[in-house]
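Heads up: the structure comes next, in structure tokens.
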Number of protein chains: 2
Amino acid sequence: MDSTEAMGGLKALDVFRDLSVCGQQMLECGMQLNYFDELKTIINKGNSVSGAYVVVRGRLRVYSISPGGNEATLYFINPGEVCILALNCIFNNLQYPAWVQTEPDTCVGMIPSLTYRTLFQNEPSIQNLTVHALSVLVFRLMEELEEIHSLNLNARLAKFILLRGVADGQLRMTQSELAAHLGTTREVIAKLLRKLVAAGSVKTLRGSIVIENPELLARMAARE
Amino acid sequence: MDSTEAMGGLKALDVFRDLSVCGQQMLECGMQLNYFDELKTIINKGNSVSGAYVVVRGRLRVYSISPGGNEATLYFINPGEVCILALNCIFNNLQYPAWVQTEPDTCVGMIPSLTYRTLFQNEPSIQNLTVHALSVLVFRLMEELEEIHSLNLNARLAKFILLRGVADGQLRMTQSELAAHLGTTREVIAKLLRKLVAAGSVKTLRGSIVIENPELLARMAARE
DNA sequence: GTGCTTCTGTAGCAAAAGCTACATTGGAGA
DNA sequence: TCTCCAATGTAGCTTTTGCTACAGAAGCAC
């Protein structure tokens, strides 16, 4: 679900802008802006959370790691969205339940816990923003769960390529990264990609996958 | 996670009681109480939602159905908790994204959308309740996702039996129902149960499973 | 260029899970 | 008691996914 859809296109940054706490003002009220030019893990499972995170540019990936060491992406946080898990932890004094990694060229703002809690108590728009962000996350997680239950890996891979490569028909990502997103291993991805290539729906390059036939790919993504 | 843990033991019914809208008062403000003595599907996927649901007694099961017809439980709603998905739908004018079924002897209160939205705008405790319910759900879903990624069916079965049969060491549930909860089929459950029986951790009866050795079961639930 | 690392392609086997089929058992109700 | 049906036990097969191993190819640093 696109975060701009529900709740009348409400976005975290717009809300903060309305409150005159964005940009310089926000820095004055205690927000720190952090820039990352490469993949970096900024939160580890079990870390205590020091504030609310807002993605300004780029993207954050929230993922889990199995005891065997395999990663699996739980969901992404896009520009203009807040990391609601961190809010969760702030409100309930919990430790962060997963890992968070930046994509290259990502800028993240951090608002101290106390500031956010004060804002939440006094500003209806912050309350709405919080509830909305939580709602979006719940829907994303439910969608993911449903997908895992009803689709096989092949279909999930096809769907992932379709959704994330739709911009220019090309998904710039290694097969190892793809495997980490879908919670499986590289060899399995390679095997499944071979099927997609044989069917003529995609083409594989070093470090990227090119969509050749979106309709065909969509049909493979729908198969149970 | 137990809903009474975080946020200082806040429970939906307590909140409503504080507001003097519980029981008779709640009925006056438009809440309808519905009683179900047997399994019954009360919401189908795609239904529009007419209000907020509060579980008074018993339990609700929220589940998805794959195109092939297999069910999989997403999570349960216990007494004193609200169905946050329904709230979601109310706030965002969405259709319900899953199925909901009552357990036997379940009582559910329904508060009309408009009433709840008014309460939300004016009552900080309702705001907190809403945020809290959402948070709990997010954590449950994340836990479930992580489990699916990191544990095999055998371990998930063992864990399910442990968690849901802990009251009197007996889980009153048919193998078909178990299969529906875990998103698999009866034969697979039978096969895995045979392993658990052989190991001496459980005993199977008609319509129920008796825990023989909780420690052993816990060890099998932890295995990757 | 040379050497090194990372990414990819491929094969083959093992384990997990799903599916079909059928026998057996226990319990509820006629 | 007898019948019927739901629940269970079991076998065998197929498909899917995971795991190990290795070879070739592309990019990078020197």
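Throughout, a chain's letter reflects where its sequence line sits, starting with A, and its residues are numbered from 1. Worth saying up front: this structure is predicted, and the values here are computed from it rather than measured.
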Q: Determine which pairs satisfy ring-ring contact (aromatic ring centres under 6.0 Å, His included) with at least one residue from residues 187-217 of chain A, sequence neighbours left out, and list them in order.
A: none
Q: Using side-chain hydrogen bond (donor to acceptor under 3.5 Å, both in side chains) as the criterion, list what pairs up with Tyr96(A), not counting sequence neighbours.
A: none
Could you list all N or O pairs between the protein and nucleotides 5-7 of chain C that sit under 3.5 Å apart?
from, atom 1, to, atom 2, distance (Å)
dT6(C), O2, Arg206(A), NH2, 2.7
dC7(C), O4', Arg206(A), NH2, 3.3

Q) Choosing from dT10(D), dC19(D), dA11(C), which nucleotide comes nearest the side chain of Arg194(A)? A) dA11(C)
Q: Kindly write out the residues that satisfy salt bridge (charged side-chain N to carboxylate O under 4.0 Å, His left out) with Glu147(A), not counting sequence neighbours, or none if the list is empty.
A: Lys159(A)
Q. Residues two or more places apart in sequence or in another chain: which of them pass side-chain contact (heavy atoms from CB on, under 4.5 Å) with Glu71(A)?
A. Arg61(A), Tyr63(A), Ile65(A), Ala180(A)
Q. Between atom CG in Leu193(B) and atom P in dG9(D), what is the gap in whole Å?
A. 7 Å
Q: Could you list all the ring-ring contact (aromatic ring centres under 6.0 Å, His included) pairs where at least one residue sits in residues 190-214 of chain B, not counting sequence neighbours?
A: none
Q: Give the rounded distance in Å between these two atoms: CE of Met220(B) and P of dA16(C).
A: 12 Å
Q.
How many whole angstroms separate atom CG of Leu151(A) from atom P of dA17(C)?
A. 18 Å
Q. Which angle, rounded to 10°, do you find between the first-five-pair axis and the last-five-pair axis of the helix from dG1(C)-dC30(D) to dA30(C)-dT1(D)?
A. 30°
Q. Mapping Lys191(B) and Val188(A) onto DNA chain D by nearest heavy atom, which one lands closer to the 5' end?
A. Lys191(B)
Q | Upstream residue (5' side of DNA chain C) when Met173(A) and Gly183(B) are each assigned their closest nucleotide | A | Met173(A)
N/O donor to acceptor pairs below 3.5 angstrom from side-chain atoms of residues 204-217 of chain A, sequence neighbours left out:
from, atom 1, to, atom 2, distance (Å)
Ser208(A), OG, Gln170(A), NE2, 3.0
Asn213(A), OD1, Glu215(A), N, 3.3
Asn213(A), OD1, Leu216(A), N, 3.1

Q. Centres of the His181(A) and Phe76(A) rings: under 6.0 Å?
A. yes
Q.
Which residues pass the side-chain hydrogen bond (donor to acceptor under 3.5 Å, both in side chains) test with Lys195(B), not counting sequence neighbours?
A. none
Q) Rounded to whole angstroms, how far apart are CG on Leu157(A) and P on dT16(D)? A) 14 Å
